[in-house]
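Shown next, in structure tokens, is the structure this report addresses.
All ligand and atom numbering here is 1-based and tracks the order in the structure. Just so you know, these numbers come straight off a predicted model, no measurement behind them.
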Amino acid sequence: MKNFLSNEIARLREAGLFRTLRSVGSSDDAEITMDGRRVLNFCSNNYLGLADDERVVAGAIGALRRYGAGSGAARLISGNFEIFEELESELARFKGTEAALLFNSGYHANIGVIPALAGEGDVIFSDELNHASLIDGCRLSRADKVVYRHNDVNNLEDLLRKSPLPRGERAVRKWIISEAVFSMEGDVCPLEDLIALAEKHDAIIYLDEAHAVGVLGAKGNGLLEAPHPRVISMGTLGKALGSYGAFVAGSQELRDYLINKARSFIFSTAMPPSAAGAALAALKIVRNEPERLAQLRKNIKLLGSGGARSCFWRPLAGRQNRFEAPGPDPSAIFSILIGDAKKTMALSKKLFDEGIYLQGIRPPTVPEGTSRLRLTVMALHSHDQIQQLLKGLEWVPKN
Ligand SMILES: *Cc1c(COP(=O)(O)O)cnc(C)c1O
């Protein structure tokens with residue numbers, strides 16, 4: 001056992017892939033205390049700055065006082081507090097759907113919903129850059145998986161056309177799985193085209209809106225602004241909404257089905273009620289204070305226009321390891337392609353020493369040879385802080 005662990009750790013270190021934790025001693029703000037130092041935080045997904053908003057914190061405290069710290073059991077046992085159903089109604093309203101169902105996290109949602117819907121004999125068409133939790137959900141489903149080139153609708157259509165004929169007793173069901181905003185790249189999926197293909201080939205789309213909720217859409221309700229019968233939308237509460245947990249939005253029937261079939265829902269203690277209290281307060285702020293989203297968009301624009309001169313990139317749809325300067329995609333995620341893992345981590349450390357925290361992202365989170373510095377901008381960042389970042393990046397290699 002000891003040899004196995006130390007050999008594997010040595011191998012990871014050698015490859016520049018060994019990960020360690022850094023501790024944060026302050027709330028998730030534009031500036032944080034990390035490993036005892038004050039640094040500018042360009043790594044958080046707290047896009048709207050809601051995680052430490054006092055009303056969101058008060059929402060959590062209210063729920064904590066009323067329901068206690070822990071849920072004590074799964075929702076199907078004794079853990080179904082009223083506040084969860086209240087939050088589900090608000091989320092359904094937010095997404096314009098009939099119903100919504102909470103999950104304990106985005107990871108739980110993806111590994112629970114995908115296997116509940118897709119099964120042996122089905123075919124899942126999955127974007128090559130999909131998040132690990134989507135990949136794991138596909139694996140658990142036992143469906144056949146066909147990987148299509150990133151955001152490449154022509155490639156997807158070819159593969160859909162070639163997909164197998166029904167086997168055995170029932171017709172093959174087809175599923176298309178994509179992120180709305182790709183978490184490590186920041187580009188947006190071509191949802192209209194995916195819907196057209198889904199209609200043509202009788203498929204259902206499972207759309208992971210983790211980085212789109214609160215950020216995209218006229219009212220910040222995501223890429224799928226109005227419900228569509230071919231799309232199941234999943235979103236998280238832990239990113240722009242500043243809390244913790246996730247949801248799936250759709251029909252009442254979908255909700256009933258998932259309560260009965262999604263194993264990560266059935267067999268896990270319900271999320272703490274305080275997380276639901278925080279999310280309810282956050283949703284209210286998103287609805288009533290559109291100026292937060294406007295500020296986020298201003299910052300995205302400021303950073304994007306500063307970066308286009310220098311080093312930002314996004315993947316070229318359908319072309320593996322080919323990149324372009326970021327277009328008008330409205331997400332809050334930017335990347336600087338470095339390539340080599342060790343070099344990426346050395347650059348991240350150099351920036352940290354200068355007071356700017358940008359995490360280096362390495363395989364297996366991203367494909368081999370595409371290690372990068374990934375940065376996110378929040379509504380909380382001031383003009384000066386963004387200028388400071390751009391100045392700090394001046395020496396980073398240009399593409
Ligand atoms: C963060 C993320 C998840 C996981 O959500 P958690 O609530 O953090 O577990 C799932 N999918 C995507 C695309 C993500 O970025």
Before signing off on this row, confirm whether [X] and ligand 1 have an N or O atom pair separated by under 3.5 Å.
{"X": "Tyr107", "answer": "yes"}
{"X": "Gly106", "answer": "yes"}
{"X": "Asp208", "answer": "yes"}

Go through ligand 1 atom by atom and flag the ones less than 4.0 Å from a non-hydrogen atom of [X].
{"X": "Thr236", "answer": "5 (O), 7 (O)"}
{"X": "Ser133", "answer": "10 (C), 11 (N)"}
{"X": "Asn110", "answer": "10 (C), 11 (N)"}

Which is it for Ser105 and ligand 1 at heavy atoms under 4.0 Å: side chain, backbone, both or neither?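 The part of Ser105 near ligand 1 is both the backbone and the side chain.
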Record the part of Asn45 in heavy-atom contact with ligand 1 below 4.0 Å; permitted values are side chain, backbone, both and neither.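 Neither part.
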I'd like to know if Arg161 and Asp158 make a salt bridge, using a cut-off of under 4.0 Å between side-chain N and carboxylate O. yes
May I ask whether Lys239 has any heavy atom positioned less than 4.0 angstrom from an atom of ligand 1?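 Distance cut 4.0 Å: Lys239 passes for ligand 1.
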Gly238 to ligand 1, any heavy atom closer than 4.0 Å: no
Arg66 NZ/CZ over Phe81 ring centroid, <6.0 Å and within 45° of normal: no
Should we count CZ of Arg55 as having more than 12 external heavy atoms under 6.0 Å?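 Enclosed.
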Does Asp122 reach the main-chain N or O of Gly119 with its side chain, forming a donor-acceptor pair under 3.5 Å? yes
Closer than 3.5 angstrom, by distance alone: can the side chain of Ser243 be matched with the main-chain N or O of Gly277 as a donor-acceptor pair? no
I need the single residue from Arg374, Arg372, Arg19 that forms a side chain to side chain donor-acceptor pair (under 3.5 Å) with Thr365. Which is it? Arg19
Considering all heavy atoms, the nearest Val39-Tyr357 contact: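 What the structure gives for the nearest pair is CG2-CB, 3.9 Å.
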